There are 2 protein chains.
Amino acid sequence: MYSQAAVSLTRSQAAPFAAAAEPAPTLRDLFKGQSAETLAAGEALFWEGDPAGQIFDVISGVLRVYRIMPDGRRAIMGFIHPGDVLGVSFQNRYLFTAEAVTEVKIRRFARSRFFGLINETPALRPQLFAILCDEMSAAQDQMLLLGRKNAEERVVSFLLSVHRKVGIGADIELPMSRLDMADYLGLTMETVSRMMTSLARRGLIALGARHTVTLRKLAALREIAGHDAEDEDIAAAPARRAVWPH
Amino acid sequence: MYSQAAVSLTRSQAAPFAAAAEPAPTLRDLFKGQSAETLAAGEALFWEGDPAGQIFDVISGVLRVYRIMPDGRRAIMGFIHPGDVLGVSFQNRYLFTAEAVTEVKIRRFARSRFFGLINETPALRPQLFAILCDEMSAAQDQMLLLGRKNAEERVVSFLLSVHRKVGIGADIELPMSRLDMADYLGLTMETVSRMMTSLARRGLIALGARHTVTLRKLAALREIAGHDAEDEDIAAAPARRAVWPH
DNA sequence: CGTCACTTTGAAAGCTTTCAATAGGAGTGG
DNA sequence: CCACTCCTATTGAAAGCTTTCAAAGTGACG
């Protein structure tokens, strides 16, 4: 999943710190003490332009983050999944609106405390840096997708990115609507629908009940998606080092 | 200019530190001691996939940073201008190729030293953070542009972003080719050319000699560009605070 | 079992691309 | 200094892909 606003820490916090003599704290540990809150589907967590006061750890559910143009056109910048931390890469104000796609459970943390702790805990800084780098990387994947891929490539890239992120075997859950997908992929919902149908007709995917999709021919799909991190889940991706570069 | 990979520090290093009792070092000061190097137009500074060993301060000239798909399609992620720092937001490897558009002068700095200094100098950390946030912000502007704007809006948004960044009065310099612009805007060079002609015919811009363009009707252009930071240069943009959030 | 919201499908329209040719500009060499 | 060449930009026309507009289908929920 291209989540321009949040990046899985399950990846970023990996390896190097596990070997540390004393158990180094991970970023997500900071949220441990916070109480969980629940958002109903459709509810907003914060709005574009709001003072960026808090950071959120997503426990369950999926959110969409988006911006709206004056005339109503919507661009979804990403979908936020459990394990992602949302709200890091802002200065003063949130750059987009975050809204629950499904019911969502989150823990929140004041940004001041968050950054205060990071200041005091050198071990956390590389993790924060890793988050930001992963966000940039995802944003660039998305720019390539939006700028140079056709409708089919976009849809397939999306399916593969979901698979990479939360796929269980060959099945993936797409809790968001076709319109959400369209606004994320720079298409219309009709085009997304047509591409899904076409892929299914060709046996590359199978459309299951509810929001379930089965990726039937991964290799062929990867071929279609073109340049991507599509190879990353073949070999267990060597976890990106969450280390302060040196 | 949407530079997804580098962000002007002239903005980010502003206000808060100026008032500090003792002159706080700025990130760009780090490069002061480094010797300048020159790249000829077309020369690459580094390649996508190279180990990310260095960080660069651009003194003069313009670079393009891009990724290429297996079949040759190119997506330019941004243009890097003097005052930008290039190469910060990478973990292990450069995510794109950086190539000189014009002759370019840069200073380089080993990432290890760069991050070492940042570790030792708390005052630099907010600046680094600010760079990364600005990069994310620019990346999101670009995603909106690529996903939801039409050809004319893209071209106008681009002209305005250049104007905001390096505009002198109503004139702007576009050192890059139409193809560069096209690969940045997710269009073809023909479409870019047509849009420029159309804007000129309507008197919104004037195409000067060389790579010069005059923005004749800023208000109208801003109207066309739609949602952007187009208002930022009306009132002197309150420099984004380069402070560690608290 | 009816309603509402979302999805799929169809057909036409529209915008951008593709293919092709002309024009323009800069640099080179006579 | 001018002619020539090459490369980039512009312009035209047709093709193509995605969107738009519309209608039918599907599924969840009360």
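Just so you know, these numbers use all the heavy atoms, side chains as well, and skip hydrogens, waters and symmetry mates. Each chain gets a letter, A, B and so on, in the order its sequence line appears, and its residues count up from 1. Nothing here was measured: the structure is a model prediction, and the numbers come from that model.
With rounding to whole Å, A:Met196 atom CE is found 7 Å from C:dT8 atom P. Between the CG atom of A:Leu174 and the P atom of C:dT7 there is a distance of 11 Å, rounded to whole Å. Distance CG (B:Leu179) to P (D:dT10): 13 Å, rounded to an integer number of Å. For the pair B:Arg154 CZ and C:dT17 C1', the computed distance is 13 Å after rounding to whole Å.
Taking every heavy atom of both residues into account, B:Leu39 and B:Ala100 meet most closely at CB-CB, 4.1 Å. Of all heavy-atom pairs between B:Met196 and B:Arg178, the closest is CE-NH2, 4.0 Å. Nearest heavy-atom pair across A:Leu185 and A:Arg154 is O-NH1, 2.8 Å. Nearest heavy-atom pair, A:Glu135 versus A:Ser89, reported as atom, atom and distance to 0.1 Å: OE1-OG, 2.8 Å. Of all the heavy atoms in A:Ser198 and A:Glu152, the pair that sits closest is OG-OE2, 4.3 Å.
Contact annotation for B:Thr197: backbone-only contact, meaning every heavy-atom pair under 4.0 Å involves sugar-phosphate atoms and none involves a base.
With axes fitted over five pairs at each extremity, the angle between the ends of the helix from C:dC1-D:dG30 to C:dG30-D:dC1 is 30° (10° resolution).
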Each nucleotide N or O in nucleotides 21-24 of chain D that has a protein N or O under 3.5 Å away: list the pair and distance.
from: D:dC21; atom 1: N4; to: A:Glu190; atom 2: OE2; distance (Å): 3.2

All N/O contacts under 3.5 Å from nucleotides 12-16 of chain C to the protein, with atom names and distances to one decimal?
from: C:dT16; atom 1: OP1; to: B:Ala151; atom 2: N; distance (Å): 2.7

Collect all protein-nucleotide pairs involving nucleotides 6-8 of chain D in which both atoms are nitrogen or oxygen and the distance is under 3.5 Å.
none

Which parts of nucleotides 25-30 of chain D does protein reach within less than 4.0 Å, heavy atoms only, written one letter per nucleotide 5' to 3' as B for base, S for sugar-phosphate only and - for none? ---S--
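A salt bridge between A:Arg67 and A:Asp183 is absent, with no side-chain N of the basic residue lying under 4.0 Å from a carboxylate O of the acidic one.
Note that A:Arg64 lies outside the cation-pi zone of A:Phe79, set by a 6.0 Å cut-off to the ring centre and a 45° limit from the axis. Under a cutoff of 6.0 Å and an axis angle of 45°, B:Arg107 and B:Phe31 do not form a cation-pi pair.
In terms of modelled atom types and a separation under 3.5 Å, the side chain of A:Arg222 and the main chain of A:Lys217 share no donor-acceptor contact. A:Ser60 places no side-chain N or O within 3.5 Å of a backbone atom of A:Val104 that could act as its donor or acceptor partner.
Between A:Tyr184 and A:Phe158, the gap from one ring centroid to the other is short of 6.0 Å.
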Test A:Tyr94 against A:Phe46 for ring pair (Phe, Tyr, Trp, His ring centres under 6.0 Å), laying out the working first. CA-CA 8 Å; A:Tyr94 295 116; A:Phe46 55 78; 3.7 Å; yes
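Taking B:Thr191 as the reference, B:Ala151, B:Leu187, B:Thr188, B:Met195 meet the side-chain contact (heavy atoms from CB on, under 4.5 Å) condition, with sequence neighbours excluded.
Looking at A:Arg108 and A:Leu45, their side chains come closer than 4.5 Å, going by heavy atoms from C-beta outward.
Remark: the A:Thr214 side chain and the A:Asp171 side chain contain an N/O donor-acceptor pair separated by less than 3.5 Å.
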